[in-house]
Amino acid sequence: MPGHVPVLRQEAVRLLVTDPGGTYLDATLGLGGHSREIVAALGGEEARVIAMDCDPAAVERARANPPAPPHRFTAVRGRFSEIDQVLGGLGITGVHGLLADLGISSDQLDDPARGLSFAQDGPLDMRLDPSLPMTADAWIRGTDDRALEAALQSYGELPRARAATRAIRRAASEHHPLTTRTLREALQPIYPGPSRPRRIAQAFQALRIAVNHELEELSALLEIAARVVLPGGTLCVIAYHSLEDRMVKTAIRPPRPMDAWVEPTPSPWVPLTPRPIRPSVEEVRLNPRASSARLRAARRKETGS
Ligand SMILES: C[S@@+](CC[C@H](N)C(=O)[O-])C[C@H]1O[C@@H](n2cnc3c(N)ncnc32)[C@H](O)[C@@H]1O
């Protein structure tokens with residue numbers, strides 16, 4: 001979407017593009033902000049960006065309005081766990097850089113029909129990929145109390161997760177199907193005071209992560225990246241959640257010996273960001289949703305090094 005400024009735009013593209021004539025995978029097309037910047041940084045006959053998203057709406061939007069020049073850009077629908085098939089289908093065996101800007105786009109958040117925000121009423125759907133079999137409403141009904149409480153606690157870092165679980169269960173028995181409003185109203189009495197909007201947002205985030213298998217998908221992306229990023233190429237991940245950031249950090253750091261007698265398995269990555277890069281105060285002022293962003297990058301080792 002023209003005018004949309006992607007998070008950590010300059011920092012991500014500077015780290016990602018090591019060869020302006022190369023092939024790059026933007027695994028999270030979204031509103032196309034990063035793809036547009038990467039295309040603009042490229043030059044030469046072979047240079048191209050493959051932009052992927054599990055949300056068909058993102059792919060349709062980018063195809064209708066591709067970044068210039070359009071011959072360097074291909075938008076494809078797919079999930080992180082399908083990167084091998086997406087690249088294979090285009091005859092690509094390796095990429096010079098892979099970028100993932102995790103989470104959801106502002107368009108998805110602001111669309112009441114997606115059920116991702118408690119600010120407006122809508123069906124409690126939450127699927128980023130509409131081909132997934134289960135909406136958040138169905139997930140809640142098919143999940144037992146222990147798993148629901150564990151999701152609220154670990155994915156949402158939500159205090160009073162047991163009380164929240166009971167409240168959600170009660171609401172689910174009274175409302176068929178649940179909506180974002182009925183879920184918000186069920187949670188409100190548990191979180192009085194000024195922290196209430198944050199707590200409700202944490203509960204929504206937890207359900208979204210569970211419904212979209214976001215941690216499993218990230219784990220697949222990190223595993224596939226170690227194979228498809230070419231030696232000397234870069235992996236860049238922007239995470240907004242501490243669990244995701246920890247997974248990225250662990251995947252790219254040099255291995256630590258578990259036991260003094262056992263050689264650790266060598267890592268395919270050389271970290272480029274000893275500490276995560278955070279948005280500037282100015283970027284957060286212009287885009288408050290960037291406030292929790294953390295960018296980590298790593299260079300794929302040359303074979304044999
Ligand atoms: C934060 S947005 C990306 C914004 C984009 N960088 C931009 O500048 O407009 C994240 C996007 O990743 C997509 N996404 C999330 N999980 C995914 C997955 N497992 N596979 C593919 N796309 C995914 C979402 O649908 C969303 O469009």
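Because only heavy atoms are used, hydrogens play no part in the values below, and waters and symmetry mates are left out as well, while side chains stay in. One-based numbering, in listed order, for ligands and for the atoms of each.
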Is it the case that the side chains of Asp26 and Ser35 hold a donor-acceptor pair, with the cut-off being a distance below 3.5 Å and no angle test? yes
Residue and atom name of the nearest protein heavy atom (relative to atom 24 (C) of ligand 1), distance in Å to one decimal: Asp53 OD1, 3.5 Å
For a quick check under 3.5 Å, do Tyr240 and Asp101 share a side-chain donor-acceptor pair by atom type? yes
Any N or O on Phe80 sitting closer than 3.5 Å to an N or O of ligand 1? yes
Could you tell me if the side chain of Leu230 sits less than 4.5 Å from the side chain of Val95, heavy atoms only? no
Identify which of Gly30, Gly103, Pro6 has a heavy atom lying nearest to atom 10 (C) of ligand 1. Gly103
Electrostatic pair Asp53:Arg77 at N-O distance under 4.0 angstrom: no
Has ligand 1 got any nitrogen or oxygen that is less than 3.5 angstrom from a nitrogen or oxygen of Met52? no
Closer than 4.0 angstrom: is that true for some heavy atom of Leu29 and an atom of ligand 1? yes
Under a 4.0 Å N-O cut-off, is there an ion pair linking Arg127 with Asp125? yes
Under 4.0 Å, counting heavy atoms only: does Ala27 come that close to any atom of ligand 1? yes
For ligand 1, is Arg9 a contact, meaning one of its heavy atoms is under 4.0 Å away? no
Does a side chain donor of either Asp107 or Ser105 reach within less than 3.5 Å of an acceptor in the other side chain? no
Identify the protein heavy atom lying closest to atom 19 (N) of ligand 1, giving its residue, its atom name and the separation to 0.1 Å. Glu217 OE1, 3.0 Å
Does ligand 1 have any atom sitting under 4.0 Å from a heavy atom of Asp107? no
Quick check on Ala220 - does any of its heavy atoms sit under 4.0 Å from an atom of ligand 1? no
Do His34 and ligand 1 have an N or O pair less than 3.5 Å apart? yes
Which residue, Leu102, Val86, Leu222, forms the side-chain contact (heavy atoms from CB on, under 4.5 Å) with Phe80? Leu102
Which part of Leu128 is near ligand 1, with near meaning a heavy atom under 4.0 Å away: side chain, backbone, both or neither? side chain
With no hydrogens and no angle check, just 3.5 Å: does a side-chain donor-acceptor pair link Arg199 and Gln202? yes
Option of least heavy-atom distance to atom 2 (S) of ligand 1 (set: Ile104, Leu218, Leu221): Ile104
Answer yes if the side chains of Gln108 and Asp55 hold a donor-acceptor pair under 3.5 Å, and no otherwise. yes
Which of the numbered atoms in ligand 1 are below 4.0 angstrom from a heavy atom of Gly78? 20 (N), 21 (C)
Heavy atom of the protein closest to atom 4 (C) of ligand 1 (residue, atom name, distance): Asp101 OD2, 3.3 Å
At under 4.0 Å between heavy atoms, what of Gln108 touches ligand 1? The answer is side chain
Test of understanding: given a 4.0 Å heavy-atom threshold, classify the contact between Ala58 and ligand 1 as side chain, backbone, both, or neither. neither
Checking heavy-atom distances from atom 22 (N) of ligand 1 to each of Cys54, Ala100, Ala62, the winner is Cys54
Sub-4.5 Å side-chain heavy-atom contact between Ile83 and Leu221: yes
About how many Å separate CZ of Arg278 and CD of Glu283, when rounded to the nearest 0.5 Å? 11.0 Å
